[in-house]
Amino acid sequence: MSFVSVRGLDKHFPVRGAGWLSRRNRPAPVVRAVDGISFDIDRGRTLGLVGESGCGKSTVARCVTRLLAPSAGTIRIGDKQLDRLEGEPLRAARRDVQMVFQDPLAALNPRMSVERAVSEPLRLHTTLSPAEQRERVREILTEVGLRTDVMGRYPHELSGGQRQRVNIARALACAPSFVVLDEPTSALDVSLRARVILMLEELRERLGLTYLFISHDLATVKYLAQRVVVMYLGTVVEEADTDELFAHPRHPYTRALLAAVPVPDPKVRGEPFVLSGEIPSPLERHEGCPLRSRCPMASAICAQPVVPREVSPGHVVACHFA
Amino acid sequence: MSALLEVEDLSVEFATDDGMVSAVDGVTLSAKAGEILGIVGESGSGKSVLISAILRLVRPPGRIVSGRLRFEGNDLLALPEAELEAIRGARIALVPQTPRTSLNPLMTVGRQVERLLRLHRGMDKRAAREAAIAMLERVRIPDPKRRAGQYAHELSGGMCQRVMIAMALATEPRLLLADEPTTGLDVSIGARILELLRQLGEESGAAIILVTHDLGVVAQTCHRVAVMHAGQLSELAGVDELFERPLHPYTRALVRSIPRIDQQIALQPIAGAVPSLVNVRSGCRYVRRCPDALAACRRQRPPLIAAANGRRVACHAVEQSNVVR
Ligand SMILES: Nc1ncnc2c1ncn2[C@@H]1O[C@H](COP(=O)(O)OP(=O)(O)OP(=O)(O)O)[C@@H](O)[C@H]1O
Ligand SMILES: Nc1ncnc2c1ncn2[C@@H]1O[C@H](COP(=O)(O)OP(=O)(O)OP(=O)(O)O)[C@@H](O)[C@H]1O
Ligand SMILES: [Mg+2]
Ligand SMILES: [Mg+2]
């Protein structure tokens, strides 16, 4: 049985009728930020979650960790059914679940020093003595490449990448069983990113941690994840084992995504393949394929609902042409 | 091309309980009209502090301890605060590294763009509203009319980032300081933003300083690149030369460490820890990590020496080896 199981997850946000746009006499519109997403993660494995900005990745992350209440769907982590819990039982169930937020500055308490921020989960969830906690904080800060001279500093006194690493250290300090990492290395240069990746891998192997890894950085996803889910406009368009996905991307969106990666060589200054056309609004309900307004392959059939299809063992694609 | 911005020997320090943090140490560089200058360097190497110093936005206990800043002939360090305020936002625009926290949480994002347009471009309310929506569309925010009526917390991370970019472009600046403008974005929207930056440079002749840790972005976008290490400038060169023949040992390590999607990812962190910036003494800050270190490197900060094609490099070993001639 998988360790994490998400089934039919929906998250709809109400749209306020702000002065910019009045929609009188119509039903209150909602943003379908997440629209029927399912995935599983086996214990000790990493699932990569990729997709265009605004497609709903962070919303999935915040629902899975129950920082947001989903509009529909089930979320199981280990033997806990998170979607059914509230209050103290939810807090207890979340003890083993940590999250590294996309926005490191907003995630840190501005009045908490680095040392306090990182030791807080240790204080709450472990029986370590204050001296042991301090030692653990030093250790983990060093592992993410921070000097211990930042321990007394506050978030605004750190650089962007330093804040991001404080968040990572905080999430991993007490060795949770499941960690959701939302763009955890976006502010890091290659060298530090390598360091953080190696640390995540080492912890996963040694302690059997399970990760949901969200990133725009496909090279890192390729390295860390065993399996990858590709999202587009709140839905899953393709899912496969990592090697298979990168070698044989089937969905036109996945292909565009892989083709757009800039190559660090000024001599290959090729035009990246960009999908043309309008990004549709998540306000409308999409009967057919959500990509069809931008897809070079689109034809009449794409107005029909797409049923995800297993094109080879474990490789699922939601495209009429797959 | 004439230099729009000249930064000379700029140093910034922060007083902390543990001692003096030397975040920027004697940096010299310039940005020319129509040019995109990249600034790269490890996390904590002083890129953002340098940017805030250019805008004279370093807050106490931080302080610009020395240096000169010239912009369009003005001495920015001597200018009264009121005159500087007029330059900020209008002549020089900033895309900060923390987009969500830099947006006003109590005002819709559309109104924030609109306000800038009215303030700096003298538009009336109606024109500003239309232009604001057009700006949001240019940075590829889907459904811009509706998005304009939302608040920062209702947008995704990458959307906040694009709103900040729209705000910076809205004022038609002469100098754009973009601090990691594409980190929160997927590659295809990132490519679009870089395209907009290129356009801004080509069409209006603005100078752009692009801070990024992504060497792929540098390779595809920048004309010249400044490499920083632990607050010091290591090397400044044209982008092709920098990738083809990095001179400074740190730049060499940086270029070697680039992972590529088309190859198996090379997990080669640059050797050695980033040095402490607290109470540091003179000397090259790369010395403990450097394979080519000489005795002089510990004692004395290497001067920025000129090489062919307007290249600059700060390294005793390179200077002695004569490769620069
Ligand atoms: N509190 C909210 N109220 C209204 N809409 C919201 C709210 N939070 C998120 N959304 C909307 O949900 C959609 C998905 O946002 P989400 O942050 O999950 O995207 P993302 O995939 O993480 O994007 P990025 O890569 O830019 O971080 C967006 O259209 C966003 O505007
Ligand atoms: N207010 C402050 N007080 C003390 N130290 C500071 C302060 N602000 C920045 N620093 C330190 O100055 C150094 C340079 O910071 P800066 O934000 O410029 O780094 P950066 O190159 O932008 O890094 P990143 O890529 O992580 O954003 C860092 O070591 C940081 O910890
Ligand atoms: Mg997000
Ligand atoms: Mg920075």
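All chains are named by letter (A, B, ...) in the order of the sequence lines, taking the proteins before the strands, and each is independently numbered beginning at 1. Because the structure is predicted, anything quoted here is derived from the model rather than measured.
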Okay, B/Pro275 and chain A: the region with an atom under 4.5 Å from a heavy atom over there is backbone
For B/Arg115, does the CZ atom sit with more than 12 other heavy atoms under 6.0 Å from it, leaving out its own atoms?
-> no
If you tally heavy-atom pairs under 4.5 Å between each of A/Ala187, A/Gly161, A/Ser215 and chain B, the highest tally belongs to A/Ala187
With rounding to the nearest 0.5 Å, note down the distance linking CZ in A/Phe101 to CZ in B/Arg100.
-> 11.0 Å
Any chance you could measure B/Arg59, atom CZ, to A/His156, atom NE2, to the nearest 0.5 Å?
-> 11.5 Å
Between B/Val49 and chain A, which part of the residue has a heavy atom less than 4.5 Å away: side chain, backbone, both or neither?
-> neither
Quick one: closest heavy-atom pair of B/Gln97 and A/Gly160, and the distance?
-> NE2-CA, 3.7 Å
Any side-chain heavy atom of A/Ser159 sitting closer than 4.5 Å to one from B/Lys47?
-> no
Side-chain heavy atoms of B/Thr183 within contact of A/Glu183, under 4.5 Å = no
Given a strict heavy-atom distance threshold of 4.5 Å, which part of A/Ser186 is in contact with chain B: side chain, backbone, both, or neither?
-> both
Identify which one of B/Arg140, B/Arg162, B/Gln161 satisfies the side-chain hydrogen bond (donor to acceptor under 3.5 Å, both in side chains) criterion when paired with A/Ser53.
-> B/Arg162
Indicate yes or no: at least one non-hydrogen side-chain atom of B/Thr182 is less than 4.5 angstrom from one of A/His216.
-> no
Interatomic distance, CZ@A/Arg153 vs OG1@B/Thr16, rounded to 0.5 Å, equals 6.0 Å
Residue part contacting chain B, namely of A/Asp149, when any heavy atom lies under 4.5 Å | both
Decide side-chain contact (heavy atoms from CB on, under 4.5 Å) for B/Asp186 and A/Lys57; before the verdict, give the C-alpha distance in whole Å, the side-chain angles of both, and the deciding distance to 0.1 Å.
-> CA-CA 12 Å; B/Asp186 54 89; A/Lys57 302 178 298 296; over 6 Å; no
Note, A/Val190 side chain near B/Glu42 side chain (heavy atom, < 4.5 Å) | no
Rounded distance [0.5 Å steps], CG in A/Leu105 versus OG1 in B/Thr101 | 4.0 Å
Here the gap from A/Asp189 atom CG to B/Leu215 atom CG, rounded to the nearest 0.5 Å, amounts to 9.0 Å
Among side-chain atoms of A/Arg165 and B/Ser43, is any donor-acceptor pair under 3.5 angstrom?
-> yes
Under 4.5 Å from a heavy atom of chain A, the part of B/Asp17 involved | neither
Is chain B contacted by the side chain of A/Gln162, its backbone, both, or neither, given a heavy-atom distance below 4.5 Å?
-> both
Please say whether more than 12 non-hydrogen atoms of neighbouring residues, nucleotides or ligands are located less than 6.0 Å from CZ in A/Arg116.
-> no
Top of B/Gly62, B/Ser276, B/Gly157 for chain A proximity - count of heavy-atom pairs under 4.5 angstrom = B/Ser276
